[in-house]
Structures are given as structure tokens and as C-alpha cells.
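The next block holds one structure in the form of C-alpha cells; read it before the comments.
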Amino acid sequence: MTAVTAIGVDIGGTKVAAGVVTDEGVVTARARRDTPHRSTRPEVVEDVIVDAVQELLTPQVSAVGIGAAGFVSSMTGRVVFAPHLSWRDEPLGERLAARLPVPVFVDNDANTACWAEHRFGAAAGERNVVMVNLGTGIGGAVLIDGTLRRGEFGIAGEFGHMQVVPGGHRCECGNRGCWEQYASGNALVREARSLVEAKAPIAADLAARCGDDPTLLTGPMITEAARDGDPTAAELLAEVGEWLGVGIAGLANAFDPALFVIGGGVSAAKELLLEPARKSFRKHLTGRGYRPEARLVAAALGNEAGLVGAADLARASVR
């Protein structure tokens, strides 16, 4: 009997990653495209998604699952608002279904990543989990009693836009002081670039890695520098970790999970990020010392968690 697979697609602020996924969560084929930067026409991103999916389509594919960065109503397949893309009440599911030969399921990318970690990864066997995805911004998802909780309007888990610093850095959502302005990939790169631009002596290693052009400095470069022993890069990651712990302490009060799973591109820094986050979490946790403490772990499925979960949810939606 031929195995039935699904295609998962993870849409972020910088990339569209697609993969063919088996019902055991194994990715057997991949396609990747750059996300059109700041496109004012949603159709441009839609074209990129369709192109990546068509590259992977076979007769064995039963459905396509989309994990989109933004406020997504999984009931309607609409992207209500995407801070890092031009989607505003965009009927993404409907538009893609009209162009693809199989059913399409759309959800928030953090929800799909959380589901993948619950089914196949770091949260396997856990029923009460909060996922925090650190990428261009911060996405989040909540699993309670083994079920994803999306809220009344389908947009629960947008933790990145909780205000942590009144009057702080301007966020791309339009507000100021959002958590993701202090604990995301964008925050990490912004602070590193400011040091390079200022020609700070402590940023000499980072400057050398980007050829003294701060616009070329990326999160992976900073992580690599920290792993190679650069104290400034390590300090920058630790600062992001400290802010991560502050926000997670608040989430522990709200949801009381057994486990926090930290995913997204920034989580590739592993303990350089997670150990400062754990220390900050313990410092800011209400009732510390008198309550059970949730564990903080790195996601096990890496950058493919979003597409793996999207495929699995899509497959379940057509059964």
C-alpha cells in the first residue's frame, strides 16, 4: 500500500519552506523560497507558496498545510493580520485552494510548530505545553490537555506583542515595547548592528564577519561568533535570553504548563540562549521556591517543526 503524505509549508518573514511529510513526521523532500520582502501585493507571496508546493506535489499527497506568521483564523483560513508581511484579512486558504489540486489547511506557524513538537519532538508525551518561537519576531502557541487552544477568534498565542517596556522600541505591529523587540532574532541583530555601526572595539569580531557592513550581519553569524568564543556575541545572546525569561515567567502565571519549548531560528544558539533564559525565568517567576517550576527546553525538530506540524494538521483535517 502506498503511503499517503502531506505537504507542509512554513511562511516566515524571510523564507517560505515546504516539505513532504509522512504520517510519522519524517520530511522526505524539501523546497525553499525567499519571502518577497515587504510586498504590498499578497498575491506575490501566494505565487511563491504555490511554486514551492507544485515542486513537491505527487499523487500520494493528500493535503497541504500552511503555517503562516501572523494572526490566523484556522476555522476560516484567513490571515487576519501579519506584522511582518502585507496580509490584512487575507483569505489565504481560499486563494490557495483555488490554485492547488488538494485540500488546504491554514494555521498560525507557532501552532503548527507546537503541534509537531507535541506529536514527534521535545514535547512528546506532554499535555500542557507553551511553545515560544524566536524568529524574525516571536510566535507562541498553547497546548492544554493535549489540545491546541486558538482562542475565540483563532489568534491566541501572539505573545510577541505583549508590552513589556511601556514606551519602548517601536514594533512593526505599530505599538511600542512589545516583547519581540527585546527577545527575538530582530532584536539580536539590531543590537549587534548598532555596535558595528558605532565601530565599538568590542564588536571587532562581528565587524570582521560582516566585512564592516552591518547590514550584512545576521543572527546565525552572531550565534557562530558566540560559539567560537566571542564574548560580545555571547553577551548579546544572553541579553535576549534574559528578556526571554522575563516573558516566560509571565506566561507561566497565565498558563501553568509543565514545559516551555523554545523554537525558531534563534533557538539554534541552544544553551547560550537557554541558560540565561532559565536564570531570568527563575528570578522573575511569581511564587518562586514555593511552586513547581516548568522546564525550558529547546525544540527538537529545528526549523522544520512548523512545516511538519502543518502537514500533520492538514492530514488530520481531511480524514
Side-chain angles (χ1 to χ4, degrees), residues 8 10 24-25 67 74 107-135 137-151 155-160 162 164 179-180 183-185 237-238 240-313 316:
D10 184 26
E24 289 88 22
S74 62
D107 204 343
N108 171 265
D109 60 346
N111 284 341
T112 63
C114 183
W115 185 252
E117 293 293 341
H118 167 62
R119 289 269 288 135
F120 311 111
E126 298 286 353
R127 296 182 56 79
N128 294 286
V129 178
V130 171
M131 179 103 184
V132 179
N133 267 359
L134 307 181
I138 295 180
V142 181
L143 188 84
I144 298 177
D145 293 332
T147 301
L148 281 171
R149 301 298 182 179
R150 299 180 175 90
I155 54 178
E158 287 296 333
F159 309 138
M162 300 184 304
V164 295
W179 187 29
E180 70 176 42
S184 68
L237 279 166
V240 169
E242 287 166 12
W243 278 109
L244 178 60
V246 169
I248 286 176
L251 295 177
N253 290 333
F255 300 108
D256 192 29
L259 183 71
F260 284 96
V261 178
I262 313 303
V266 183
S267 69
K270 301 293 184 182
E271 292 304 310
L272 288 165
L273 174 78
L274 290 182
E275 191 51 37
R278 291 189 189 103
K279 290 179 180 177
S280 178
F281 170 58
R282 294 182 189 115
K283 177 181 177 181
H284 293 94
L285 182 64
T286 304
R288 53 194 173 274
Y290 298 96
R291 60 182 286 181
E293 186 178 303
R295 293 181 295 124
L296 272 66
V297 301
L301 302 179
N303 290 334
E304 293 191 326
L307 70 88
V308 169
D312 198 61
L313 289 165

- request: Kindly indicate whether the side chain of N108, heavy atoms from C-beta on, has any atom under 4.5 Å from the side chain of R150.
  value: no
task: Measure the CD1-CG distance between I262 and L274 for me, rounded to the nearest 0.5 Å.
output: 6.5 Å
- prompt: Are any non-hydrogen side-chain atoms of F159 and I248 less than 4.5 angstrom apart?
  reply: no
query: L285 and E293: which non-hydrogen atoms are nearest, and at how many Å?
result: CD2-CG, 4.3 Å
query: What heavy-atom pair brings G137 and S184 nearest, and what distance separates the two atoms?
result: O-CB, 3.6 Å
message: I138 vs W243, test: side-chain contact (heavy atoms from CB on, under 4.5 Å). Steps then yes/no.
response: CA-CA 12 Å; I138 295 180; W243 278 109; over 6 Å; no
field: For R288, salt bridge (Lys or Arg N to Asp or Glu O under 4.0 Å) partners two or more places apart
entry: none
query: Looking only at heavy atoms, what is the nearest atom pair of A183 and L244, with distance?
result: CB-N, 3.8 Å
- prompt: Does any pair with a residue in residues 252-274 pass side-chain hydrogen bond (donor to acceptor under 3.5 Å, both in side chains), and if so which ones, sequence neighbours excluded?
  reply: N253-T286, N253-R291, E271-R278
message: For residues 240-254, which residue pairs pass the salt bridge (Lys or Arg N to Asp or Glu O under 4.0 Å) check, not counting sequence neighbours?
response: none
- prompt: Just wondering, do L313 and L148 contact through their side chains at under 4.5 Å, heavy atoms?
  reply: yes
What side-chain donor-acceptor pairs closer than 3.5 Å can you find for residues 112-119, not counting sequence neighbours?
| from | atom 1 | to | atom 2 | distance (Å) |
| --- | --- | --- | --- | --- |
| T112 | OG1 | D109 | O | 2.8 |
| T112 | OG1 | G306 | O | 3.0 |
| W115 | NE1 | D312 | OD2 | 2.9 |
| E117 | OE1 | A122 | N | 2.7 |
| E117 | OE1 | A300 | N | 3.1 |
| E117 | OE2 | A300 | N | 3.2 |
| E117 | OE2 | L301 | N | 3.0 |
| H118 | ND1 | E126 | O | 3.1 |
| R119 | NE | D312 | OD2 | 2.8 |
| R119 | NH2 | D312 | OD1 | 3.3 |

A110 versus G139, closest heavy-atom pair with distance: CB-C, 3.7 Å
field: Atom pair CD1/CG of I155 and N111 - distance to nearest 0.5 Å
entry: 11.5 Å
task: Could you pull out the closest heavy-atom pair between A252 and P257, with the gap in Å?
output: CA-CD, 4.1 Å
field: Within-4.5 Å side-chain heavy-atom neighbours: K279 and K283
entry: no
Compile the donor-acceptor pairs under 3.5 Å between side chains in residues 127-135 and protein atoms, sequence neighbours left out, one pair per line.
| from | atom 1 | to | atom 2 | distance (Å) |
| --- | --- | --- | --- | --- |
| R127 | NH2 | D145 | O | 2.5 |
| N128 | OD1 | D145 | N | 3.1 |

task: Please name all residues satisfying side chain to side chain contact (heavy atoms under 4.5 Å, CB included) with A249, sequence neighbours left out, ordered by chain then number.
output: F281, H284
Sequence neighbours excluded - side-chain hydrogen bond (donor to acceptor under 3.5 Å, both in side chains) pairs with any residue from residues 296-310: R30-E304
